[in-house]
Amino acid sequence: MTPVLRVRNLVRHYGANAVLRGVDLDVAEHEVVVLIGASGSGKSTLLRCVNLLEEVDDGQVFLDGVDVSDPRADADAARRRMGIVFQAYNLFPHMTVLDNVTLAPRVVHGVDPAVARERARELLDRVGLADRTGAYPDQLSGGQQQRVAIVRALAHEPRLLLLDEITSALDPELVGEVLTLVRDLAAQGRTILMATHEMGFAKQVADRVCFLADGVLLESGPPEQVLGAPEHPRTQAFLRRIIAAGRL
Amino acid sequence: MSSGHHQPSALQQERLAYRRSRARRSTVVAFLSTVVFAVAAWLAVTSSPGWPRVRDSFFDVDAALRALPAVLDGLWLNLRVLVVCEVLILALGLGLAALRSLRGPVWFPLRALATGYVDLFRGLPLIICLFLVGFGLPGLRLTGVPTDPVVLGCVALVLVYSAYVSEVLRAGIESVHPSQRAAARSLGLTHAQAMRIVILPQAVRRVLPPLLNDFVALQKDCGLISVLGAVDAVRAAQIESAKLYDFTPYVLAGLLFVAMAVPSARLADWASARAARRRGGAS
């Protein structure tokens, strides 16, 4: 079966600085793949390249077998089939929660506004935000904003959900509510590629954990193997630092 | 300010009383110093040797009343010019700002054109632009080129002011964080959709105070179309002044322009205050 996402030899430079140096990665349908690695290892850049927010400098990104990194491919059409959630939520501050969530269905997918609103209310209800549909983003807590951002990314039923360190900007007591939501999504069989520093969480939900260092995928496998008995010395060193910081 | 039900302690009540007494004292001091300054200024002007002559030729109530209908007629023209020009300026300014915000080498010619336009008309003194457009353009004797001084004056105003307004709007567009664009594009919105629905609404809100400032400036610069012969408030004042052999109509026209600008200035203040409050509130 063709994987939902296939990344081949992905390269991305910022000037002389090579952030991704030939990454290969597959994400199969219903699979949850977690990217771990130090800050600056290229996790976010990989996600942004997959979402075509960054141009790739070499290599290919296939979505359902189609090379979307080809400049002849329709990038907007490809993005419509993915959803991405950012570290800083990036909700639109001048729109209410409901408008944020229904924007893409209404404007991009041509869904009838009433239908889009109905569906958005359903989704927001499921994440416990039914009473905040009329609020503006700055009236919500960080955890609530991030849950809205996840709902916004889900509103157009993406084939692939990309989560870029979505709990890094949250206060510790708000991390739980967001991770619970992601756990539910994983249980529903969503295809997810996420970057995170929450190792405990990765252990629970990941089908596969990938360790990135200096723009290269050094190690990949089931969580108990990569997080429990890592083979590569760099992975071992990284995990030792995480454990020393009390994060695993 | 308060939670409503909290009963301030004796200490806090004493503090509040002290603050109130300080506020009262400040108000009294400010009021008295203003009165003293106004009286001193008034005395300095009225005791000057030339004051009787100046009063008769600049502040003649009778002349003002006789000139009023003509000047008001002219002001009505200024007002119409203002409204039409402002609409055109906003449209053209927005177009220029959008062109200058385009990225990628494909758009270089359009970007360069917009940049050249802005450089030219932001640097060109309005009065020279008025002369060039007002006298040069009809001088070409091309068919279809308007000869009405009002229309030509509007063209010159739009050319110069759209360059200013486009820069204000561009600053607003660039002040919207790139992550907003990324979020919009990630949802599948095209560049144009992201601009229209996500970037511009935020940009315009941020630059509303400077935009209103330009609007106030335009309001009085509308009076400059009189140099092309359009009978606006300034020109009407000039005609009345020649008829009455008195400068009072100019003072009258000036006061009317000020009166017209005050509501816009208060609107600009209100918009700035609201923008500041919103920024403060978005913690």
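Within every chain, numbering begins at 1; the chains are lettered A, B, ... in the order of the sequence lines, protein sequences first and strands thereafter.
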Tell me, side chain or backbone of [X] under 4.5 Å from chain B's heavy atoms, or both, or neither?
X	answer
A/L52	neither
A/D76	both
A/F86	side chain

Establish, from distance only, whether the side-chain atoms of [X] and [Y] form a donor-acceptor pair under 3.5 Å.
X	Y	result
A/R81	A/H156	no
A/R12	A/T45	no
A/R147	A/Q144	no

### Query
Is the backbone N or O of A/L179 less than 3.5 Å from a side-chain atom of A/R183, with the two atoms forming a donor-acceptor pair by type?
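It does not hold such a pair.
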### Residues A/K43, A/D164; criterion salt bridge (charged side-chain N to carboxylate O under 4.0 Å, His left out); working and verdict
CA-CA 8 Å; A/K43 303 186 298 291; A/D164 185 6; over 6 Å; no
### Query
Is chain A contacted by the side chain of B/Q193, its backbone, both, or neither, given a heavy-atom distance below 4.5 Å?
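Answer is side chain: those atoms of B/Q193 sit under 4.5 Å from chain A.
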### Message
Below 4.5 Å, heavy-atom pairs only: which of A/R80, A/H94, A/H109 has the largest tally toward chain B?
### Response
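Ranked by contacts with chain B, first place is A/H94.
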